[in-house]
**Student:** 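Can you read through this structure? Questions will come right after.
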There are 2 protein chains.
Amino acid sequence: MSTIKDIAKEAGVSIATVSIVLNGKGKERKISKETQSRIYTIAQQLNYVPNQSAKKLRAAQKDSYAVAFYWATDFRINYLARITLGIQQEIMNLKKNIRLTVIPYKVDHLEEQMKSTQNDFFNGIIIANMSNTDMEFLNTTYVPPCPVVLFNRESPKFSSVTMDNYKVGQNVARHFLAKGLFDAGVLTHDTTFPIMRQWMQGFLDTYKEEGHPIGEDRIYLCETSSASAFEICKRLAAEGTMPKAMFCESDVLAHGMLFACYETGIAIPQDVEVFTIGINMPEINDYTVPSLSRIDIPMGEIGQECLRMTVDLIEKKVPSPTVLFLEGKTIIGQSSPLG
Amino acid sequence: MSTIKDIAKEAGVSIATVSIVLNGKGKERKISKETQSRIYTIAQQLNYVPNQSAKKLRAAQKDSYAVAFYWATDFRINYLARITLGIQQEIMNLKKNIRLTVIPYKVDHLEEQMKSTQNDFFNGIIIANMSNTDMEFLNTTYVPPCPVVLFNRESPKFSSVTMDNYKVGQNVARHFLAKGLFDAGVLTHDTTFPIMRQWMQGFLDTYKEEGHPIGEDRIYLCETSSASAFEICKRLAAEGTMPKAMFCESDVLAHGMLFACYETGIAIPQDVEVFTIGINMPEINDYTVPSLSRIDIPMGEIGQECLRMTVDLIEKKVPSPTVLFLEGKTIIGQSSPLG
DNA sequence: CTGTTAGCGCCTTCAC
DNA sequence: GTGAAGGCGCTAACAG
């Protein structure tokens, strides 16, 4: 990488002259036309790219933080947009100069990504969507260079903004149980996302406590796609083993299920009721056929709180680790009306 | 903002000592426990936050670019996730140290956002989702401090990655016309997004050229929500004025339309065929009821090319402005099968 | 154990 | 019209 020094040497002028010209102040400072064009040409030849760190240092930014936002690149990219939006809104609110750098990582490979990223140049880090493997890495080997806040995860070591995920599962179970739907199933992802297992635990425990334990065979593991849920539900329809109530652990799966029921002539909610966790935009689930009953994860809000907490940690206004719990929003649609 | 100098003065040690301690190398360099804890305490008291620009400058990053990505915060946040993903993938491919900063802006208010953001600290800027107002600002008053690439827009002044949007509309029209669906309508957003008007123009012109002009009354303006499309389509159903074919200019609207047809007993595709532009994740439209025929905008790909072009412009490997055209992907679902 | 010094790349002030 | 010098905040090499 060449610098203005290189250009100055090549052009036979001083560094100051180069700086003036490249910042478009040549005319104002009455630098000769020739000198200017010579400098521009050489800058181009040497492939000059200004060093923004140096510029910034010189400009002495006040209250300027660099925050990294790690996000998984799988099927959940949709909802990450809303997290980012929440984070950005909070940045506006705070009226500070905060640069949010988005860093993608592959689920189960957070470690590699973190090693290749130079985290020492951030003031704070927010991490979303970690798998158990990723949590394991964070909780054991990782040494943070700055405050770290986890999105919807819990850890003994790091701050986080999360939900009472066990209670989410409990609430879904109670909704079904209140309607006498004892033959229930769970449609879930086959990967190990901690929160999904917490939801399921709350759901299963509640059914068991109420005297209607759900068998292992009623837990259906899908790939993380509508297509996979579609296949499984088509099979259930063909076998005639569809339960009376299905708890879908994400709307991605619920979409596949709705489509399977549509194709096989199973009526929702008459034949089977569907309750899901909303991770997509609320609107999408309001206009599915039929519309989905669900508990929406407050993505934007969690993002917002993550950013606020990160700043508070940077400024040492809260102790580390701090944990904040938020509530999910229950929305009753057509797929499972109130009892 | 305090610096290590302030801490050094306060603690009565040199700035080097402070630097060593705060970087966790106290033990290794055998700084006394007391000195260390004194430094930590004072750092906390003075609310010290390291200046990352200075750190970075010192570390002399090579091939390190800062790229800003402006995105609109409206209903399109969903698809912006995929753009970001494409951009990030390209960053990985390039094997350069590129920091992507996401900067949200309100549609029609790009100007204000750009003024409040210090763009002079970026090496390149990518802008998505501009309205006519935003384009106007860019094309007239805006003076870019670095290369600018537009996402799916055209401009005489700036580089861009875009689609042949007129042709997209033509293709939809031809699909309907080949099936003899002459009574067609357009369901579109009431805002002025340039590409939507281009789609519509291609669509309307083709119908007219083929001798089946579409009347003004067949153009339905919605708010940018499924809810709004739902209301309009419910009205059409009630009046019995639903056309035989509907071109939805975004799947957000198509979702509202599908739901309205479901509720009012209008059969798709028997009573009305639906063709849409896919902006959401492809999967969502594969599992609507019925699944949607559509042309998907290659969001990720456009993002990817935007980043590549930005880097090429920074490194002056391509002239400015450069324009690149990409193709949309046609997917035939149940809502409008092949003729 | 701690301090001094030099310099990362850039811009601004002042001097000629 | 142009150049020399100083300094933004930080770290590493070297010196005690």
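Reckoned from all heavy atoms, side chains included, excluding hydrogens, waters and symmetry mates. In the text below, chain A, chain B and the rest are named by the order of the sequence lines, each starting its count at 1.
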**Student:** Given atom CD1 of Ile31(B) and atom P of dA12(D), what is their separation to the nearest angstrom?
**Tutor:**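 After rounding, the reported distance stands at 14 Å.
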
**Student:** Would you give me the side-chain donor-acceptor pairs under 3.5 Å for residues 24-33 of chain A, sequence neighbours excluded?
**Tutor:**
| from | atom 1 | to | atom 2 | distance (Å) |
| --- | --- | --- | --- | --- |
| Ser32(A) | OG | Thr35(A) | N | 3.3 |
| Ser32(A) | OG | Thr35(A) | OG1 | 2.5 |

**Student:** With distance as the sole test, does Lys316(B) use its side chain to make a donor-acceptor pair with the main-chain N or O of Tyr48(A) at under 3.5 Å?
**Tutor:**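 Flag set: sc Lys316(B) to bb Tyr48(A) pair under 3.5 Å.
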
**Student:** For nucleotides 11-14 of chain C, print each protein N/O atom paired with a nucleotide N/O atom at under 3.5 Å, atom names and distance only.
**Tutor:**
| from | atom 1 | to | atom 2 | distance (Å) |
| --- | --- | --- | --- | --- |
| dC11(C) | OP1 | Asn23(A) | OD1 | 3.4 |
| dC11(C) | OP1 | Asn23(A) | ND2 | 3.0 |
| dC11(C) | OP2 | Ser19(A) | OG | 2.9 |
| dC11(C) | OP2 | Asn23(A) | ND2 | 3.3 |
| dC11(C) | O2 | Arg58(A) | NH1 | 2.0 |

**Student:** For a quick check of understanding: with a heavy-atom distance under 4.0 Å over all strands, which category does Gly26(A) fall into, base, sugar-phosphate or nothing?
**Tutor:**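 The residue Gly26(A) makes no contact with any strand.
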
**Student:** Between P on dC8(C) and CZ on Phe121(A), what's the gap in Å once rounded to a whole number?
**Tutor:**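 Computing the Phe121(A):CZ to dC8(C):P distance gives 16 Å.
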
**Student:** Let me check something: any side-chain donor-acceptor pairs from residues 40-47 of chain B under 3.5 Å, sequence neighbours excluded? List them with distances.
**Tutor:**
| from | atom 1 | to | atom 2 | distance (Å) |
| --- | --- | --- | --- | --- |
| Tyr40(B) | OH | Val21(B) | O | 3.1 |
| Thr41(B) | OG1 | Ser37(B) | O | 2.6 |

**Student:** Report the secondary structure of DNA chain D in dot-bracket form, marking unpaired bases with a dot and bases paired to a different strand with |, and treating Watson-Crick or G-U pairs with both distances under 3.5 Å as paired.
**Tutor:** ||||||||||||||||

**Student:** Leu57(B) side chain: which of dG3(D), dG9(C), dG1(D) is closest?
**Tutor:**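 Among the listed nucleotides, the one closest to the side chain of Leu57(B) is dG9(C).
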
**Student:** Give the residues of residues 33-41 of chain B touching DNA chain D, defined as any heavy atom closer than 4.0 Å, sorted by residue number.
**Tutor:**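 Contacting residues: none.
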
**Student:** Write down the distance between NZ (Lys5(B)) and P (dT5(C)), rounded to a whole number of angstrom.
**Tutor:**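 Between P of dT5(C) and NZ of Lys5(B): 14 Å.
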
**Student:** For dG3(C), does OP1 or OP2 lie under 4.0 Å from any side-chain N or O of Ser14(B)?
**Tutor:**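 Yes, because at least one side-chain N or O of Ser14(B) sits under 4.0 Å from OP1 or OP2 of dG3(C).
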
**Student:** Can you name the side chain to side chain donor-acceptor pair (under 3.5 Å) partners of Asp120(B), sequence neighbours left out?
**Tutor:**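 Asp120(B) satisfies side chain to side chain donor-acceptor pair (under 3.5 Å) with no other residue.
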
**Student:** List the atom pairs, with distances to 0.1 Å, where a side-chain N or O of residues 6-20 of chain A and a protein N or O form a donor-acceptor pair under 3.5 Å, not counting sequence neighbours.
**Tutor:**
| from | atom 1 | to | atom 2 | distance (Å) |
| --- | --- | --- | --- | --- |
| Asp6(A) | OD2 | Thr3(A) | N | 2.8 |
| Ser14(A) | OG | Ala16(A) | N | 3.4 |
| Ser14(A) | OG | Thr17(A) | N | 3.4 |
| Ser14(A) | OG | Thr17(A) | OG1 | 3.1 |

**Student:** To the nearest angstrom, how far is Lys9(B) atom NZ from dG9(D) atom P?
**Tutor:**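 After rounding, the reported distance stands at 12 Å.
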
**Student:** Just jot down the side chain to side chain donor-acceptor pair (under 3.5 Å) partners of Asp134(B), sequence neighbours excluded, or say none.
**Tutor:**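 Only Ser131(B) meet the side chain to side chain donor-acceptor pair (under 3.5 Å) criterion with Asp134(B).
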
**Student:** Are any side-chain N or O atoms of Thr117(B) and backbone N or O atoms of Asn119(B), one a donor and one an acceptor, separated by less than 3.5 Å?
**Tutor:**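 Absent.
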
**Student:** Sort and list the pairs that fulfil salt bridge (Lys or Arg N to Asp or Glu O under 4.0 Å) and have at least one residue in residues 88-108 of chain A, not counting sequence neighbours.
**Tutor:**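 Listed by first then second residue: Glu90(A)-Arg308(A), Lys96(A)-Glu315(A).
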
**Student:** Filter on ring pair (Phe, Tyr, Trp, His ring centres under 6.0 Å), then keep only pairs touching residues 105-130 of chain B, sequence neighbours left out; what's left?
**Tutor:**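 Every pair satisfying ring pair (Phe, Tyr, Trp, His ring centres under 6.0 Å) with a residue in residues 105-130 of chain B: there are none.
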
**Student:** Excluding sequence neighbours, so at least two apart, what forms ring-ring contact (aromatic ring centres under 6.0 Å, His included) with Phe137(A)?
**Tutor:**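 With neighbours one apart ignored, the set is Tyr142(A).
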
**Student:** Would you say Ser53(A) reaches dC8(C)'s phosphate, i.e. side-chain N/O to OP1/OP2 under 4.0 Å?
**Tutor:**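 Ser53(A) to dC8(C) OP1/OP2: no side-chain N or O under 4.0 Å.
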
**Student:** Tell me: CG of Asn51(A) to C1' of dG7(C), nearest whole Å?
**Tutor:**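 Spelled out: CG on Asn51(A) to C1' on dG7(C) is 13 Å.
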
**Student:** Specify the separation, in whole Å, of atom CG of Asp6(A) and atom C1' of dC8(C).
**Tutor:**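 Atom CG in Asp6(A) sits about 13 Å away from atom C1' in dC8(C).
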
**Student:** Please list, chain by chain and in numerical order, all residues satisfying salt bridge (charged side-chain N to carboxylate O under 4.0 Å, His left out) with Glu112(A), sequence neighbours excluded.
**Tutor:**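 Partners of Glu112(A) under the salt bridge (charged side-chain N to carboxylate O under 4.0 Å, His left out) test: none.
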
**Student:** Please give, in whole Å, the distance from dC1(C) P to Lys27(B) NZ?
**Tutor:**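 Lys27(B) atom NZ is separated from dC1(C) atom P by 13 Å.
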
